[in-house]
Amino acid sequence: MTVLTIRAHRRYAVRQMVTLRRPGQTPISGLMIELSSEGFRISNLGRPGLTIGEAVTVDLDGLTYHGRIRWSHDGIAGVRLDHALFSNQLNELVARGRGETSGETRRYGT
């Protein structure tokens with residue numbers, strides 16, 4: 001049986017090191033593995049004791065994004081952004097997360 005999951009926003013697979021910061025806590029390094037216009041999925045967090053609804057900032061390559069913990073388990077967490085990304089911001093993050101810099105296009109099979 002196939003289960004179809006309908007999501008509000010398209011998700012993009014990426015690999016980007018990030019730092020998750022909580023007020024008054026030690027920063028946590030993680031790996032952003034998925035993003036959408038409204039949030040991130042971050043893995044490799046260990047067991048930091050994140051609380052649903054907790055305010056966090058996500059730092060990557062000099063950029064800072066504010067959000068809240070949406071869910072957390074087994075060293076993976078979902079962060080919902082306080083402000084949705086504009087399409088150009090989303091495209092830039094997808095390119096960075098896939099190792100493509102502006103002006104560079106990856107070609108496979110050539």
Side-chain angles (χ1 to χ4, degrees):
M1 180 164 108
T2 303
V3 176
L4 176 65
T5 302
I6 298 173
R7 299 196 180 258
H9 303 282
R10 184 172 178 188
R11 278 134 171 88
Y12 299 88
V14 294
R15 287 182 51 92
Q16 178 81 33
M17 292 303 297
V18 299
T19 302
L20 187 71
R21 298 181 190 280
R22 301 179 290 168
Q25 301 286 328
T26 304
I28 307 163
S29 293
L31 180 67
M32 180 173 58
I33 57 174
E34 193 174 68
L35 69 97
S36 75
S37 62
E38 292 202 351
F40 306 137
R41 183 183 341 180
I42 303 171
S43 68
N44 296 348
L45 294 172
R47 301 213 182 266
L50 298 170
T51 305
I52 293 173
E54 181 176 14
V56 296
T57 58
V58 178
D59 299 331
L60 62 134
D61 285 341
L63 302 172
T64 300
Y65 299 93
H66 300 275
R68 297 195 174 274
I69 298 297
R70 179 88 167 130
W71 54 267
S72 175
H73 63 82
D74 301 325
I76 303 173
V79 175
R80 182 178 179 113
L81 298 172
D82 290 343
H83 303 285
L85 299 171
F86 292 108
S87 60
N88 63 331
Q89 293 172 309
L90 179 61
N91 293 337
E92 181 182 335
L93 287 179
V94 170
R96 283 182 183 205
R98 293 180 175 174
E100 301 167 358
T101 58
S102 58
E104 176 186 331
T105 304
R106 290 192 177 207
R107 295 187 179 146
Y108 296 96
T110 58

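In this text the structure is predicted, and so the values were computed from the model without any measurement.
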Next on the checklist: Tell me which one of Thr64, Thr57, Asp59 satisfies side chain to side chain donor-acceptor pair (under 3.5 Å) with Arg21.
Outcome noted: Asp59
Checklist outcome for this item: Rounded to the nearest 0.5 Å, the CD1 atom of Ile76 sits from the CD atom of Glu34 at a distance of 10.5 Å
Checklist entry - Does the pair Leu20 and Val79 meet the rule for a side chain to side chain contact (heavy atoms under 4.5 Å, CB included), with working shown? => result CA-CA 10 Å; Leu20 187 71; Val79 175; 4.2 Å; yes
Next on the checklist: What I'd like to find out is whether the side chain of Tyr65 reaches to under 4.5 Å of the side chain of Asp82, using heavy atoms alone.
Outcome noted: no
Next on the checklist: On a heavy-atom basis, which atom in Leu45 and which in Ser29 lie closest, and how many Å separate them?
Outcome noted: CD2-O, 3.9 Å
Checklist outcome for this item: Ile52 and Trp71 have their tightest heavy-atom pair at CG1-CA, 4.3 Å
Checklist entry - Is Val14 linked to Leu85 within one hydrophobic cluster, defined over Ile, Leu, Val, Met, Phe, Trp and Tyr using a side-chain heavy-atom separation of less than 4.5 Å? => result yes
Checklist entry - When rounded to the nearest 0.5 angstrom, what is the spacing between CZ in Arg68 and CD in Glu54? => result 9.5 Å
Next on the checklist: With a sphere of 6.0 Å drawn around NE2 of His73, does it hold more than 12 non-hydrogen atoms of other residues, nucleotides or ligands?
Outcome noted: yes
Checklist entry - Mind checking whether Glu38 and Leu81 have side chains closer than 4.5 Å, heavy atoms only? => result no
Item to check | Val58 with Ile33, same ILVMFWY side-chain cluster at under 4.5 Å | outcome: no
Checklist outcome for this item: Tightest non-hydrogen contact, residues Thr19 and Pro27, listed as CG2-CB, 3.6 Å
Checklist entry - Can you name the nearest heavy-atom pair linking Gln16 to Arg96, along with the distance? => result OE1-O, 3.2 Å
Next on the checklist: If hydrophobic clusters are built by linking Ile, Leu, Val, Met, Phe, Trp and Tyr wherever their side-chain heavy atoms come under 4.5 Å apart, do Phe40 and Met17 end up in the same one?
Outcome noted: no
Next on the checklist: Quick check on the hydrophobic clustering: are Leu93 and Leu31 connected, directly or via other members, by side-chain heavy-atom contacts under 4.5 Å?
Outcome noted: no
Next on the checklist: Testing the basics here: between Ala55 and Pro23, what is the closest heavy-atom pair and its distance to 0.1 Å?
Outcome noted: O-CD, 3.5 Å
Item to check | Joint cluster assignment, Tyr12 & Ile42, ILVMFWY side-chain distance < 4.5 Å | outcome: yes
Checklist entry - Any chance CZ of Arg70 has more than 12 other-residue heavy atoms, nucleotides or ligands included, within less than 6.0 Å? => result no
Next on the checklist: With side chain to side chain contact (heavy atoms under 4.5 Å, CB included) as the criterion, how do Glu92 and Phe86 come out once you've worked through the C-alpha distance, each side chain's angles and the decisive distance to 0.1 Å?
Outcome noted: CA-CA 10 Å; Glu92 181 182 335; Phe86 292 108; over 6 Å; no
Next on the checklist: Could you check whether any side-chain N or O of Arg98 sits under 3.5 Å from a backbone N or O of Ala13, counting only pairs where one atom can act as donor and the other as acceptor?
Outcome noted: yes
Item to check | Stepwise side chain to side chain contact (heavy atoms under 4.5 Å, CB included) test for Arg10 and Leu90 | outcome: CA-CA 11 Å; Arg10 184 172 178 188; Leu90 179 61; over 6 Å; no
